[in-house]
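See structure below.
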Amino acid sequence: MALNRIAESFAAAVADIPDGASIMIGGFGGAGGQPTRLMLALRNHGAKNLTIIGNVAGISMTTGYGWPEGPDAPAPVDQGIFFASGQATRIICSFPVPGTTNPLSEIEKAWREGRAKVDIVPQGTLIERIRSAGAGIPAFYTPTGVGTPVAEGKESREFGGRTYLLEHALHADYALVRAQRADTHGNLQYVGTSRAFGPAMATAAKVTIAEVDEIVEPGGIDPERVGTLGAYVNRIVRREPGDPYP
Amino acid sequence: MALNRIAESFAAAVADIPDGASIMIGGFGGAGGQPTRLMLALRNHGAKNLTIIGNVAGISMTTGYGWPEGPDAPAPVDQGIFFASGQATRIICSFPVPGTTNPLSEIEKAWREGRAKVDIVPQGTLIERIRSAGAGIPAFYTPTGVGTPVAEGKESREFGGRTYLLEHALHADYALVRAQRADTHGNLQYVGTSRAFGPAMATAAKVTIAEVDEIVEPGGIDPERVGTLGAYVNRIVRREPGDPYP
Amino acid sequence: MTDPARRLNRTEIARRVALDLPDGGIVNLGIGIPALCADLLPEGVELRYHAENGILGFTEMLTKSTGDPNIMEASGNFPKLVPGMAFFDSVESFNLVRGGHIDVTVLGGLQVSRAGDLANWLIPKRGIGSIGGGMDLAANAKRVIVAMEHTTRDNQPKIVNRCSFPLTAPACVDEIVTDVAVIKVTADGLVLMETAPGWSPEDVQAITEPELIVSDTVSVIRQA
Amino acid sequence: MTDPARRLNRTEIARRVALDLPDGGIVNLGIGIPALCADLLPEGVELRYHAENGILGFTEMLTKSTGDPNIMEASGNFPKLVPGMAFFDSVESFNLVRGGHIDVTVLGGLQVSRAGDLANWLIPKRGIGSIGGGMDLAANAKRVIVAMEHTTRDNQPKIVNRCSFPLTAPACVDEIVTDVAVIKVTADGLVLMETAPGWSPEDVQAITEPELIVSDTVSVIRQA
């Protein structure tokens, strides 16, 4: 009983997210690995002044990045929905804008209008900062970003004749992740490249909520294929069969 | 062709290990995950003045730790063989001696006789130092060891009101690892708890050599089950079917 | 001085500790008395045991002749495959530990100080010690319970003003369960919560170096 | 000044880069011209392509209507499942990159300096830029090849004394392949190795800001 992690609905799973919360959103960018239903539930929930932490952000809705195409394919959804709705006031990500400027993404519109702060972090530094938060490491040194605007205001130090930047752990209040299968204890199984930022984010947030296609009994996930341990997962919600979103 | 990683024998796989080399040995301690045939080949090869990097070291031969028992079970082998042979002069590990003193392990004998240096590192710090070496992180902060003899001579620093130690990446010249299956490109599949230190060590050494039960064509390992990428593996050697060592 | 009554045996110490393992928790049990807790849980309590080598969710052990050395826990025994288990590497295993995701660890102890400092990895005259995962667990688990005999074989206190042995971690212990007492470590000092049957608070104090604060609710040691 | 002969098209640039991808290597191709290299390898060359999102060993792409969004590469396309592939998370993916395990990365460029500084992530007047995995790749791959047009649309040099745009990484570029030249970055400066058909070293110099050292073996741009 004490191990059961099932939440009754997407709305219920995000109902306690307060104004001002920081929210990690799993996946890489694109449909694979994105917790689309949890995102839509959070949009409907309406919490405000949110900080969104993601990787590629806001370009699927403008360019179709990582989304299937074709007559039955749904219109892409991405982190831009929280900027269109006015809920998010900050994003920490590695790839907030596509190479083209037209049409402007919702994130870029909010930034141009002074409604949102955009923190751009090199992708390897972003994932390592998230991983460090979960792993109890408050700070680490990385060679990435030395001699670039990323180094501004940061400590640097030489090791073995090369210069490195000190980077800090990045925690969040909530992580929304997407996996294909969960067992009732919250163990998650991912497929393909849908892992991406999900497993690290699940370790770095106070509350981790997983959106899955299927919930099985313990034993229904091969112990060799647990991608996120139930130890990190607080709530799991099953998608409706036949959900048009990938 | 360029991706083929198969070595013809255990002896051939370790033949270029020079005197003075640092050697990571995978697994955790015990039979599972230990590259026993590669270790025996290195013992026969005879390279001297070796630094051994492992985790639990030298207690299987004295206590049977992690080895099967029974009439057909082989006598345990562990890192002590390199101290009995006089090849190793240093070990970096987390658990070099069992709780009991009798009989003395080969590592402890060598240490008592002044033939070997023993560096004891907390297990979580040891694995993170190895992981950092492979991940391009020269140093990181950890809370473990603060206020203990482990902190002696190390920098400490506060983050968020807690004190942490600065720990450095630990590289090696060679990593000997054990997996159950390899494909010809060097991708490795592990089972159960035989992973342990192997995957991180494979990333941290200049040359990684894997001992496996089975070599398959590419595609013979599920892409979801690759525990060590072929990118990290330089040589693979297949064990003889029916090898008595586990 | 002779004991006023018998001391608890190792199984009884473990049975008392088992009462404090939280339903649904992630628990790591050290070698020795701690490892005995697993078989002594109150009914209805479900835990997920973690072992440092990379396994979560194991329960009972197979014999060494029938087990699989590729499915091991950190004491070198071979657990049975049970539903809900997970295997992972040592990096992930210590992310769990260092990251503070272990709810309770139960460790053995050589000495515990008034401030909750723990020494359990090295008797200096022994020469080399073994740290293993103990420092990571002691420094980072959400709750650290030490299960040990109250005194050394020579009846010298193991609960001391200041540890003379090298520390595993400072100010890390939350609770001490011994063969004669349950003691809580607080900011005010060590609070005696329970005593073994036939042992008075004064009897416990007599073999304890720091002064104990006797709880208003001090009781006989409970058992699962 | 008019061009002395036509410049190479994007496919021809990519075909030249493909000659420098080492058999058996781990290769990461950026968006744009770099991504074209994959289809243009010399016969017999086997590479393992890496993409930042956590895939190694992919080859060809499926169409967006038949592919699976759970099997993606970093440009957002959907690779076909082929033998020898591996999937992993972003932590592992950037261990490969930051740890220096990528043999070659081919990146696009806005500017490359005489010292091999690369600027490719932000045109300041554009406002927000996107760093993605580019800084990690540029700073840490064993070999960095930049594939780009030699000049801007206004025919201004993109190979400059000093980058005016924010850097991706300093002193990281090993080789520049453009639509008119192949240039090696050395400690002595930029060495002109090859020129497009009909282009003399002087023609290339005329649209390049730093002074080029003309190699003794300068030749026409080779093609796979």
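Naming: A, B, ... by sequence-line order, numbering from 1 per chain. As the structure is a computational prediction, the values presented were derived from the model and not from experiment.
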Under 4.5 Å from any heavy atom of chain D - which part of A/V97: both

More than 12 foreign heavy atoms under 6.0 Å from NZ of D/K80: is that the case here? no

Using a strict threshold of under 4.0 Å (side-chain N to carboxylate O), is an ion pair present between D/E92 and A/R131? no

State, to 0.1 Å, how close A/W67 and D/K64 come at their nearest heavy-atom pair, and which atoms those are. O-CD, 3.2 Å

Please classify the contact of A/F95 with chain D as side chain, backbone, both or neither, using a heavy-atom distance under 4.5 Å. both

Residue from A/P96, A/P71, A/G70 scoring the most non-hydrogen pairs under 4.5 Å with chain D is A/P96

Ignoring hydrogens and angles, state whether a donor on the side chain of A/T144 or D/N140 is under 3.5 Å from an acceptor on the partner side chain. yes

Tell me, for D/A138 versus chain A, whether the close heavy atoms (under 4.5 Å) come from the side chain, the backbone, both or neither. neither

Relative to chain A, which of D/G54, D/A171, D/G133 shows the most heavy atom pairs under 4.5 Å? D/G133

Would you give the length of the straight line joining atom OG of D/S93 to atom CZ of A/F197, rounded to the nearest 0.5 angstrom? 9.0 Å

So does A/E113 have more than 12 non-hydrogen atoms from other groups sitting under 6.0 Å from CD? yes

Structural part of A/A73 lying under 4.5 Å from a heavy atom of chain D: neither

Scanning both residues in full, the closest heavy-atom pair of A/R195 with D/F88 reads CD-C, 3.7 Å

Any side-chain heavy-atom pair from D/S130 and A/S94 closer than 4.5 angstrom? no

Residue part contacting chain D, namely of A/P68, when any heavy atom lies under 4.5 Å: both

Using a cut-off of under 4.5 Å on heavy-atom pairs, state which of A/I130, A/T148, A/V191, A/V150 scores highest against chain D. A/T148

Between D/A74, D/G67, D/G32, which residue shows the highest count of heavy-atom pairs closer than 4.5 Å to chain A? D/A74

Distance check, rounded to the nearest 0.5 Å: A/I107 atom CD1 versus D/I128 atom CD1? 8.0 Å

Of D/A51, D/A169, D/G134, D/P170, the largest count of non-hydrogen pairs under 4.5 angstrom with chain A goes to D/P170

Check whether more than 12 heavy atoms from other residues, nucleotides or ligands sit under 6.0 Å from atom CZ of A/R225, and answer yes or no. yes

For A/S194 and D/N70, work out which heavy atoms get closest and say how close. CB-OD1, 3.3 Å

Just wondering, more than 12 heavy atoms not from A/R162 lying within 6.0 Å of its CZ? yes

At a heavy-atom separation under 4.5 Å, does D/T66 approach chain A through its side chain, its backbone, both, or neither? neither

Where on D/F78 is there a heavy atom nearer than 4.5 Å to chain A: the side chain, the backbone, both, or neither? side chain

Minimum heavy-atom distance A/P122-D/M135, with the two atoms named: CG-SD, 3.8 Å

Closest approach of A/F28 and D/S90, non-hydrogen atoms and distance? CD1-OG, 4.4 Å

Please flag which part of D/T168 lies under 4.5 Å from any non-hydrogen atom of chain A: side chain, backbone, both or neither. backbone

Is A/P143 close to D/R98 at the side-chain level, that is, under 4.5 Å between some pair of heavy atoms? yes

If you measure from CG on A/L126 to CD1 on D/I131, what distance do you get to the nearest 0.5 Å? 10.0 Å

Between A/P199 and D/D89, the two heavy atoms sitting closest are CB-OD2, 3.9 Å

Toward chain D, the part of A/R129 with a non-hydrogen atom under 4.5 Å: neither

Taking every non-hydrogen pair under 4.5 Å, which of A/R112, A/Q34, A/E108, A/E69 racks up the most with chain D? A/E69

For D/V91, is it the side chain, the backbone, both or neither that has a heavy atom under 4.5 Å from a heavy atom of chain A? both

With chain D, the option among A/T142, A/I59, A/I127, A/N55 that has the most non-hydrogen atom pairs under 4.5 Å is A/I127

Contact winner vs chain A - D/A139, D/G129, D/A86, heavy-atom pairs under 4.5 Å: D/G129

Reference residue A/T193; test side chain to side chain contact (heavy atoms under 4.5 Å, CB included); the match among D/E73, D/E52, D/M72: D/M72

Let me know if A/R178 has heavy atoms under 4.5 Å from chain D in its side chain, its backbone, both or neither. neither

Contact part of A/Q180 toward chain D, heavy-atom cut-off under 4.5 Å: side chain, backbone, both or neither? side chain

Name the option with the most non-hydrogen atom pairs under 4.5 Å to chain D; the candidates are A/G30, A/P246, A/P149. A/P149

Is there a side-chain contact between D/F94 and A/E128 (heavy atoms, below 4.5 Å)? no

Can you tell which of D/L167, D/N53, D/L81 has the highest number of heavy-atom pairs within less than 4.5 Å of chain A? D/N53

